Structure formats: C-alpha cells, structure tokens
Amino acid sequence: MRAAIYSEYGGPEVIRIAELPDPEPGPGEIRVRVACTSLNHLDLWLRRGTPAPTPMPHVGGADIAGVVDRVGPGVHGVRAGTRVAVDPSIDWEWYRVRASGNALPNPRFRVVGEHTQGGLAEYAVVPAANLLELPGHVSMEQAAAAGLVYVTAWRALVTRGRLRPGERVLVTGGSGGVATAGVQIAAATGATVFAVTSGSENVARLAELGADVVVDREEGALGSLLREATGARRVDLVLDSVGEAIWTDLIKALGVGGRLVTYGATTGPQAPLDLRHVFWKQLSVIGSTTGSPGEYREVMEMVFSGRLAPAVDRVLPLERTAEAHRLLEAGEIFGKLVIRVAD
C-alpha cells in the first residue's frame, strides 16, 4: 500500500511516500480502506520527536474515514463495504483508573496514529469497537475533519468545563481545529462566544462560525483587548491551547467562579500563575484531553445532523502530505486540512 511515512524525527522534509505491506487485522480488529484523513497539531509534535512509544517508520493520521475492507477474527456484525469513521481513542477507560490489580496487565490509553499506525495510508487497522457508521449524506472529508478536534472540544467545554446556556466563553487560538469546533459547540450550547485570532480574514470566518465577539490580537496588547471586549463581567469559561505566552491575560479575563480549561501548550508549558487571582476569584484550572467513546459518538451525531459543520480549509492528496505539514506548521490553515487518500 502507499503511505506517507517518516523514519526519523525532524521537519516536514522527513516525510516521504513509500510502499508498505498491507496490514492484516488481528482478533477484534478490522481493516479500513482509507478515503480521507486529516492533520492535527498532534501530527506535528510526533514528527518533531516525542517520548511517546511511536512505531517507526511511522504513519500518522488520527482521524480516519473510509470503508470496511477486511474483518479480523472474532468480529461479528461488521460488513465489508460499510462506510465508517474511526474513534481515535483506544482504551480510553484507562482515564477512569479502573485498575485490574498489580498482577494483571492494565491497558494504557492510546491514540490512533500516535501509538499505532494511522490513516495516512491506503489501509489502516483499528479496533472494531472504534467504528462509527457514516450516514450516506456525510462526506468522507467531513467525517475525517471532525473526529479528534470535535471530541476534544466537546469534552473540554461540556464535560470538564460544565458549560451552561447563557454563559460567556473565551476561545483562544481561534483558527485552529479544536478552537473552530469549540466556537461552534459553545454557540450551539447557547453561550456568548468570544474568540481570539489574528487577521481580518480569520475574524470574519470565526464570526460566520458563531463567535459573537472576535478579538484580533494584531490590534494591540491582548490583555487590553480582552478587557475592552469582555467588560467588567469578564468571562465564565476559557478554552485554551496557547498556554505560556498568554496565561496571565487569560486568568485576568475570568470572572468570579470562572474556569480555565487547558488542552495544550503551543507556546510553552511553564505558565505563570498568580495564586491571588485564583483564590480571590475562586477560579478553577482544569486539564482536558480527547474524549470518551460516548462523547465521540454524541458530538459526531451533532455533525451528522448538521448542527455542527467542520471548517475545512483545503483538501490535498496523499502525495502532498509534507506540504500539508508545512502549511499547518506555518499557521496558514483555518480549521482543518484534509488529506484525500483515495476516492
């Protein structure tokens, strides 16, 4: 099969198209003939180098949409030819700390395309339990663009952040995949949505997605811009992946009882935190990652119904995967960049 792979860490130039043996599904697994996948910032971090146990040569791509091609032993009720999307989380139950004891193995949480081989190839092997059938009206591009970013935003806002209708939400890194999903989810929940981005074009795009107020960080100091935009009431909830560079401004942007949910640290992990703001305003700082199988299915049903619609910046063929990495790394993508592997 054709696959976009890398055998060493580095820049986008380490990615090449190669021929690999077709993978075979094991017990409880199925093989998907991949139609589309999409890039996430996860793919960039892995390519640069990570302590995660990533198989080499590596095939990235956590979001997979395609057709069931072959069924492994012990899998029943799954027919070849079924159009599917793949939940990117494997053994998510690890987060519930349901240990089996010291003498028995405990499965570790994994992500498709990180700890396993992913969807940037003509075939991918995944657990049969991770399949979600696609309705006929949902395109492969939409399905591939939605998975990881939507379930991440859903868990961060709804499960961890306890977002309620009428609250005020601030979403940072507004042009990113999770952020564009978060703007839509917050708006659909009935929140007033503030978003931070750069450039007039991105400002207009976020407004179209449902943001009520969009702050262009190129127009001045972020702290001052947020004070002007949010007023004395500030915001109830912040959804952030930027981290270190703007952490102080975000803490100050929260009102009394506010919650900051962090799911990334693109500008660095050493965020300053003035504890006087935390205890005086009774703030909560909450960590979040990708969501559970139930959360994945819940938010994907909202995509299938049309209540949520992935913002797809562009679709490129598998042969241009290295270029796709460069575009995402340079911040030239609004929402999602989809890779079409096959028709």
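Just so it is clear, the structure is predicted and the values come from calculations on it, not from any experiment.
Minimum heavy-atom separation, L170 to A195: CD1-N, 4.3 Å. Closest heavy-atom contact between S38 and A144: OG-O, 2.8 Å. Closest non-hydrogen pair, A181 versus A153, comes out as CB-CB, 4.0 Å. Nearest heavy-atom pair across S288 and V261 is CB-CG1, 3.8 Å. Of all heavy-atom pairs spanning A311 and L209, the tightest one is CB-CD1, 4.4 Å. Nearest heavy atom pair, residue A62 against residue V111, reads CB-CG1, 4.2 Å.
Checking side-chain atoms of R110 against main-chain N and O of D91 turns up no donor-acceptor pair under 3.5 Å. No donor-acceptor pair closer than 3.5 Å links the side chain of D69 to the backbone N or O of R31. Between the side chain of W92 and the backbone N or O of G294, no donor-acceptor pair lies under 3.5 Å. For D313 (side chain) and G335 (main-chain N/O), no donor-acceptor pair under 3.5 Å exists by modelled atom type. Formation of a donor-acceptor pair under 3.5 Å by the R168 side chain with backbone atoms of T230 is found in this model. Under the 3.5 Å distance criterion, the side-chain polar atoms of R259 are matched with a main-chain donor or acceptor of G161. Listed for the D240 side chain is a donor-acceptor partner under 3.5 Å among the backbone atoms of G243. Counting only distance, with no hydrogens or angles, the side chain of D236 and the backbone of G255 share no donor-acceptor pair below 3.5 Å. Listed for the E244 side chain is a donor-acceptor partner under 3.5 Å among the backbone atoms of Q270. Y150 places no side-chain N or O within donor-acceptor distance of the main-chain N or O of A145, the cut-off being under 3.5 Å.
Atom OG1 of T152 sits about 10.0 Å away from atom CG of L239, to the nearest 0.5 Å. Here the CZ-CD distance, from R155 to E298, works out to 12.0 Å after rounding to the nearest 0.5 Å. Note that CD of Q184 is 5.5 Å distant from CG of L308, once rounded to the nearest 0.5 Å. Rounding to the nearest 0.5 Å places CD1 of I246 at 11.0 Å from CD1 of I251. Within the model, atoms CD of E13 and CZ of R326 stand 8.0 Å from one another, a figure rounded to the nearest 0.5 Å. Taking OG from S175 and CZ from F334, the interatomic distance works out to 7.0 Å, rounded to the nearest 0.5 Å.
Under a cut-off of 6.0 angstrom, the local environment of CZ in R217 is sparse, with at most 12 non-hydrogen atoms contributed by other residues, nucleotides or ligands. Within 6.0 Å of the CZ atom in R233, the count of heavy atoms belonging to other residues, nucleotides or ligands exceeds 12. Within a 6.0 Å sphere centred on CD of E19, heavy atoms belonging to other residues, nucleotides or ligands number more than 12. Crowding of R83 atom CZ: a count of heavy atoms from other residues, nucleotides or ligands under 6.0 Å exceeding 12.
Contact check for L318 versus R2: side-chain heavy atoms found under the 4.5 Å cut-off. Side-chain contact between L163 and V169 is present, with at least one heavy-atom pair separated by less than 4.5 Å. Looking at heavy atoms from C-beta onward, F304 lies in side-chain contact with L134 at the 4.5 angstrom threshold. Side-chain contact between R234 and L254: absent, with no pair of heavy atoms (C-beta onward) separated by less than 4.5 Å. Proximity of W247 to L260: side-chain heavy atoms (C-beta onward) are separated by under 4.5 Å at one or more points. At a threshold of 4.5 Å between non-hydrogen side-chain atoms, the residues L226 and V196 count as touching. Contact of the I286 side chain with the R162 side chain is registered, since non-hydrogen atoms from C-beta on lie closer than 4.5 Å. Two residues are said to be in side-chain contact when any heavy atoms from C-beta on lie closer than 4.5 Å; P12 and E323 fail this criterion.
For the pair E201 and R205, the salt-bridge criterion is met [side-chain N within less than 4.0 Å of a carboxylate O]. A salt bridge links E24 and R70; the closest N-O separation between the charged side-chain nitrogens and carboxylate oxygens is under 4.0 Å. Electrostatic pairing of K336 and D63 counts as a salt bridge here, judged by a charged N lying under 4.0 Å from a carboxylate O.
Criterion: ILVMFWY side-chain heavy atoms under 4.5 Å apart, direct or through other members. Under it, V84 and I30 are part of a common hydrophobic cluster. Linking Ile, Leu, Val, Met, Phe, Trp and Tyr whenever their side-chain heavy atoms come within less than 4.5 Å puts V285 and L275 in one cluster. Linking Ile, Leu, Val, Met, Phe, Trp and Tyr whenever their side-chain heavy atoms come within less than 4.5 Å puts V242 and L283 in one cluster. Clustering ILVMFWY residues whenever any of their side-chain heavy atoms sit less than 4.5 angstrom apart, transitively, puts V59 in the very cluster that holds I64. A single hydrophobic cluster is not seen to contain both V138 and L131; linkage of ILVMFWY side chains at heavy-atom distances under 4.5 Å, directly or through other members, places them apart.
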Before you tell me yes or no, could you show the steps for T197 and V203 under side chain to side chain contact (heavy atoms under 4.5 Å, CB included), namely the whole-Å CA-CA distance, both residues' side-chain angles and the distance that decides it to 0.1 Å?
CA-CA 7 Å; T197 190; V203 168; 3.8 Å; yes
Report the C-alpha separation of E295 and V299 in whole Å, then their side-chain angles, then the decisive distance to 0.1 Å, and conclude whether the side chain to side chain contact (heavy atoms under 4.5 Å, CB included) test is met.
CA-CA 6 Å; E295 289 164 329; V299 75; over 6 Å; no
Hey, mind stepping through N40 and V149 against side chain to side chain contact (heavy atoms under 4.5 Å, CB included) and telling me if it holds?
CA-CA 8 Å; N40 295 285; V149 294; 3.4 Å; yes
Before giving the answer on side chain to side chain contact (heavy atoms under 4.5 Å, CB included), spell out for V338 and Q142 the whole-Å C-alpha distance, their side-chain angles and the decisive distance to 0.1 Å.
CA-CA 9 Å; V338 173; Q142 286 178 303; over 6 Å; no
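Y6 is linked by a ring-ring contact (aromatic ring centres under 6.0 Å, His included) to H58, counting only residues two or more places apart in sequence or in another chain. For R314, the side-chain contact (heavy atoms from CB on, under 4.5 Å) partners two or more places apart in sequence, or in a different chain, are L316, L327, I333, L337.
Under the 30°/60° scheme for interplanar angles, the aromatic rings of F109 and Y95 are found to be tilted.
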